[in-house]
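Contents: one structure, followed by commentary.
Side-chain atoms are counted along with the backbone in the values below, which use heavy atoms only and exclude waters and symmetry mates.
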Amino acid sequence: MIELTRLNQRRILVNCDLIKFAEAAPDTTLALVTGEKLIVSESCDQVVERILAYRAMILSTAWPEALTALNAKSAHTAIQVALSEAGEDA
């Protein structure tokens, strides 16, 4: 779950797997697959960043060996890191 802020400044935890789409009009509105809509003060970009961080945390917890790939800035960087850890030159 990700923590977001309602317009009245109350914090809310949202199951990000239930988010169908987000739109900024001008406030960020999240439409959930349940049909419910939430208006939050975070921007769409901030919501995406929190979702990505949450999913990276879940994946790194379930699969610790993936931490290197999750921290890599690109697929190329991940390959270079893996090769250097294996002691091979690219």
**Prompt:** Who are the salt bridge (Lys or Arg N to Asp or Glu O under 4.0 Å) partners of Arg10, not counting sequence neighbours?
**Reply:** none
**Asked** Got a second to check how far Ile58's CD1 is from Met1's CE, nearest 0.5 Å?
**Response** 11.5 Å
**Asked** Are any non-hydrogen side-chain atoms of Leu30 and Val47 less than 4.5 angstrom apart?
**Response** yes
**Asked** Do Glu3 and Ile12 have side chains that get closer than 4.5 Å, going by heavy atoms?
**Response** no
**Message:** If the condition is salt bridge (Lys or Arg N to Asp or Glu O under 4.0 Å), which residues does Asp27 pass it with, not counting sequence neighbours?
**Reply:** none
**Prompt:** If you link I, L, V, M, F, W and Y whenever their side-chain heavy atoms are under 4.5 Å apart, who else ends up in the same group as Phe21?
**Reply:** none
**Prompt:** Can you name the side chain to side chain donor-acceptor pair (under 3.5 Å) partners of Glu49, sequence neighbours left out?
**Reply:** none
**Item:** Donor-acceptor under 3.5 Å (Thr28 side chain, Ala24 main chain)
**Value:** no
**Prompt:** Under 4.5 Å between side-chain heavy atoms, hopping through other hydrophobics if needed: is there a path connecting Ile51 to Ile39?
**Reply:** no
**Request:** Work out which heavy atom in Cys16 is nearest to a heavy atom in Arg55; give both atom names and the distance.
**Result:** O-NH2, 3.8 Å
**Message:** Using the side-chain contact (heavy atoms from CB on, under 4.5 Å) definition, which of the options Leu32, Val33, Val48, Leu38 pairs with Ile19?
**Reply:** Leu32
**Asked** Closest heavy-atom contact between Glu42 and Gln46?
**Response** CA-OE1, 3.2 Å
**Fill in**
Residue set satisfying salt bridge (Lys or Arg N to Asp or Glu O under 4.0 Å) with Glu23, at least two apart, ordered chain then number -> none
**Request:** Would you mind checking if Asp45 and Arg50 are paired as a salt bridge, meaning a charged N to carboxylate O distance below 4.0 Å?
**Result:** no
**Prompt:** Mind checking what makes side chain to side chain donor-acceptor pair (under 3.5 Å) contact with Thr29, not counting sequence neighbours?
**Reply:** none
